[in-house]
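Below: the structure, in C-alpha cells.
Every chain is numbered from 1 and lettered A, B, ... according to where its sequence line falls, protein lines coming before strand lines.
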Protein chains: 2
Amino acid sequence: MYKRQELAQVSATTVSHTLNGRRPVAEQTRRRVLAAIEELGYRPNVLARGLRTSRSQTIGLVIPDITNPFYPALARGLQDVLGPAGYDQIIGNTDGERRLERAALEQMIARQVDGLVFAVFNTHAEDLLPVIDAGIPVVRLGGRLVQRGVDVVHSDDEGGAREATRYLLERGYRRIGFVCGPAGEGPAAERVAGYRTALADAGGGEGAPVAGHAGGCDGAVVGGAGAEVRPGLVVRTHFSRQGGAEGAARLLDLPEPPDALLCANDVMAIGALDVALERGLRVPGDVAIMGFDDIEAASMVTPRLTTMANPAREIGRAGARRLLDRLEGRVAEPSSEMVIPSRLVRRESA
Amino acid sequence: MYKRQELAQVSATTVSHTLNGRRPVAEQTRRRVLAAIEELGYRPNVLARGLRTSRSQTIGLVIPDITNPFYPALARGLQDVLGPAGYDQIIGNTDGERRLERAALEQMIARQVDGLVFAVFNTHAEDLLPVIDAGIPVVRLGGRLVQRGVDVVHSDDEGGAREATRYLLERGYRRIGFVCGPAGEGPAAERVAGYRTALADAGGGEGAPVAGHAGGCDGAVVGGAGAEVRPGLVVRTHFSRQGGAEGAARLLDLPEPPDALLCANDVMAIGALDVALERGLRVPGDVAIMGFDDIEAASMVTPRLTTMANPAREIGRAGARRLLDRLEGRVAEPSSEMVIPSRLVRRESA
DNA sequence: GTGAAAGCGCTAACAG
DNA sequence: CTGTTAGCGCTTTCAC
C-alpha cells in the first residue's frame, strides 16, 4: 500500500503539519499533500494521535440510564458544544448501581478521556477521586455537591419551585399542596424550600409537613390581596405516576383540600391528574395541577400540563462550556457552581 | 513515577500476559503483578492497546437524534450486548442531514471503530461504502435496504400492521381507517401493506386510497362473522400530532366515517385522539384508535393508547449480536436480514 | 515460564 | 519551509 509521503513526496511531519496547521507549510506542498490525501483516501488515525499527544479527544458521560428522556437531552447539549470542538463522547450507564458507576469511571480513565461529565445523583464524593487524581477535569451535572476539582452545573430547583408557587398564587390559588418525592432523593429538598419561601413571602407561614394545621380562610379562588394563603401542605411519596396519584389522593382527602397541586415532576403530576379526573374534579377549575420537567407527555395529556421546564439541553451546553474552559486551561478556581434557571411552560392545567 | 515492572520485578510482557491471559503465567508471578497493579493503581491505556492491535474496542452508532426516544432505547440495547463484550460506543447525531451523516461516518473511520451500527432512514447505499471499504462491519437498523457487506435488522412493520388490523377486526371494528405518513418515508409502505393484507384476508377487498368507495354494510360494531369489512381507507399526512389530527379529521369527515383509526405512530394517534374527543366522540366507543411504537406518552393520555410496541431495545440487542458475530468471525454470508416482531400493547383506546 | 526488541501511526524536538 | 529522530504504551514475535 502506498504511503502518503510517497505520492506527495513529503515527510510524515509535513503531512501532520498541513493537517494540524501547527507550523507553516508552503502553499504548493500543501496542495500536493491534500491531493495525495484525497487520492488515497487517507484518514489520520485518531488512536495513534491520542497516544502521542495523550489527548483522546473524547469525553466521558456517566449517567444512570440513557433511556430516561432527561439524559439524551443532556447528551445532546454536550454534543452541541463539544462536537464542534472536536470531541466525541462515550456514555456509561450505571442504572443507579454504585458498582456499575465505579466500573464506568474506571473504564473512562482507561479510555483516556480528556474530561468527564458526571450526572448521577446519589454518589459519594470519594467515588470521583480516582478520576480527579488521574488529572481529568470533572463537571458534575444536576448534583449540588461542592467538591474540590469538580465544577457543578444544575438547574435552579429552588428558584423554579418558588416561581411555580408564585405563579399559582398570582392566579388566585390559595391552598397549594406539594406532592414531593422521598426526602433526600434528587432535588426534593430544594424544591420544597422554594415552595415554602414563596408561600412565606405571600404570608402563608411556615407550614407543617403533611396535614399542616389549617391557617387561613376557606378557599378564595380568585382571591385578591385579601385572601389568606394556606401554610405549606407537603406530602412525600414516590417519583412515579402511582406515587403522584397517592400523594394527590392524600391531599385531596384532607378536610380542607388544596385548590392547587404542585408536583415534584411531570410523571407524578400525571398521576395527580388521574385521581383528580377520576373524582370528577375539573382541572384547573376545581384543582390546578403543575409539574416539573416538561417531559414529552406533558403536552399530550388532557388537559395539557403546565410545568416548569427542566432545561436539560441547556444544562448540557453549560456543562460542556465549563469543561472546555478547563480543557483549554481558561479556568483558575478549583471548583465552580453554575445555576441554570427553569422556565415556566403555561398550558391548560393551571 | 514507578513503572509497574519495577515494583513487581517483571517485564511489561508478563504484565500484559497476566492481564490478557494469552499465555500462561506462574501463579506466584501473577499474584505479584496483580498486587503491584493494585498498589500503583495501574490501568492499561486503551489507546495504546488499540494502536498496537488495531482494534479500538469501540463501535460507532449513527442516528438522527438521540433526543428522539426511539434511539436511546436502541443505544441501550446495543450496550446490553456490546458492553459485556468490552466495547464502548460513540454516538453520532446526523439530524437527518446528509452532510452531517457523511461527516459522522468519516469520524467513525478515523476513530478506528471496530464496527458500525447505522440507524438512519433515508440514506443512499453509497454513503456507507467508505466504511465498508475500510473493512468495518456494518449493521443497519430499521432500514430495509439490502446491500452487500451490510447486515440489516428491523422491526416487522408489515406483520405488526397486519396484527394491529386483525386485532381491530376481532374486536368487531369493520371500517378501519389508516392514518399514514408520507409515502416513502420510514416504514410507511410496509405498514400500509400489512394493513391491506389483513383487510383482504377478512374479505375487505383491496381498497382505493383516501376516500375508498363504499363497499359494505354500515357499521356493525360487535359485528360477528356476518358483517362485511370495508375496503382500505388510507390517508397520508405528516408524522406529527398535528398531522395525525388532520388525517383523522379527513377520515371522520367522510360520509361513512371509520369506526376505528390505525395510526402510523403514537404521536399521530394522540393527534387523532385530540380530534375525536374534540368532536365529542367516545373512544373507543364511537371510534377506536391505535398507534405504533408505544412511546412513554402512550400510557399517559386518556384513554390510554393501545399500540404496537416497536421493540427498539430488542432491535438494538439483535443488531449488536450480529455485529459481534461479524467481529468474531462467526458469520459467513455477505449480508443478512433479521426481523424483530412487534408486540401488541392493549390499553383502553381500542 | 519469562524477557528483549521491534513497531503500530502519530507529533514534538531538534536540526538544517 | 522541511526532514530526521525519538518515543507515547502497548502487544507480539523470537529467543532462552
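Listed for the Gln89(B) side chain is a donor-acceptor partner under 3.5 Å among the backbone atoms of Ala75(B).
Contact annotation for Ser54(A): no contact, since no heavy-atom pair falls under 4.0 Å across all strands. If you check every strand for non-hydrogen atoms under 4.0 Å, Arg23(A) touches a base. Within the 4.0 angstrom heavy-atom criterion, only backbone atoms of the sugar-phosphate kind lie near Thr53(B); the bases stay farther away.
Salt-bridge check for Asp114(B) with Arg326(B): failed, with every basic side-chain N at 4.0 Å or more from each acidic carboxylate O. Ionic pairing of Arg31(A) and Glu27(A) is present here: one or more N-O contacts between side-chain nitrogen and carboxylate oxygen are shorter than 4.0 angstrom. Looking at Arg98(B) and Glu126(B), a side-chain N of the basic residue comes within less than 4.0 Å of a carboxylate O on the acidic one, giving a salt bridge.
The CZ-P distance, from Arg55(A) to dC10(C), rounds to 19 Å in whole Å. Taking atom OH of residue Tyr42(B) and atom P of nucleotide dG9(D), one finds them 10 Å apart after rounding to whole Å. Spacing between atom CD of Glu27(B) and atom P of dT2(C) amounts to 11 Å, rounded to whole angstrom units. Rounded to whole Å, the distance from CZ on Arg49(B) to P on dT12(D) is 10 Å. As rounded to whole Å, 12 Å separates atom P of dC10(D) from atom CZ of Arg43(B). Taking atom CZ of Arg31(A) as the reference point, atom P of dC1(D) lies 14 Å away to the nearest angstrom. In this structure, Leu19(A) atom CG and dT11(C) atom P are separated by 8 Å, rounded to whole Å. At whole-Å resolution of the value, CG in Leu47(B) and P in dT11(C) are 13 Å apart.
Sequence order on DNA chain C of the closest nucleotides to Leu51(B) and Arg22(A) puts Leu51(B) first from the 5' end. Comparing His17(B) and Arg52(B) against DNA chain C, the residue whose closest nucleotide sits nearer the 5' end is His17(B).
Ranking dT2(C), dG3(D), dT12(D) by closeness to the Val10(A) side chain, first place goes to dG3(D). With dT13(D), dT2(D), dG1(C) as the choices, the nucleotide that has an atom nearest any side-chain atom of Pro24(B) turns out to be dG1(C).
A donor and an acceptor atom never sit less than 3.5 Å apart when one is taken from the side chain of Ser11(A) and the other from the base of dT4(D). Ser16(A) contributes no side-chain N or O that forms a donor-acceptor pair with the base of dA12(C) under 3.5 Å.
Asn45(B) has no side-chain polar atom (N or O) that falls below the 4.0 Å cut-off from OP1 or OP2 of dC8(D). For the pair Thr14(B) and dT2(C), the criterion of a side-chain N or O lying under 4.0 Å from OP1 or OP2 is not met. Dashed line: the shortest gap from a side-chain N or O of Thr29(B) to OP1 or OP2 of dT2(C) is under 4.0 Å.
Using modelled atom types, one finds a donor on one side chain and an acceptor on the other under 3.5 Å when comparing Ser336(A) with Asp151(A).
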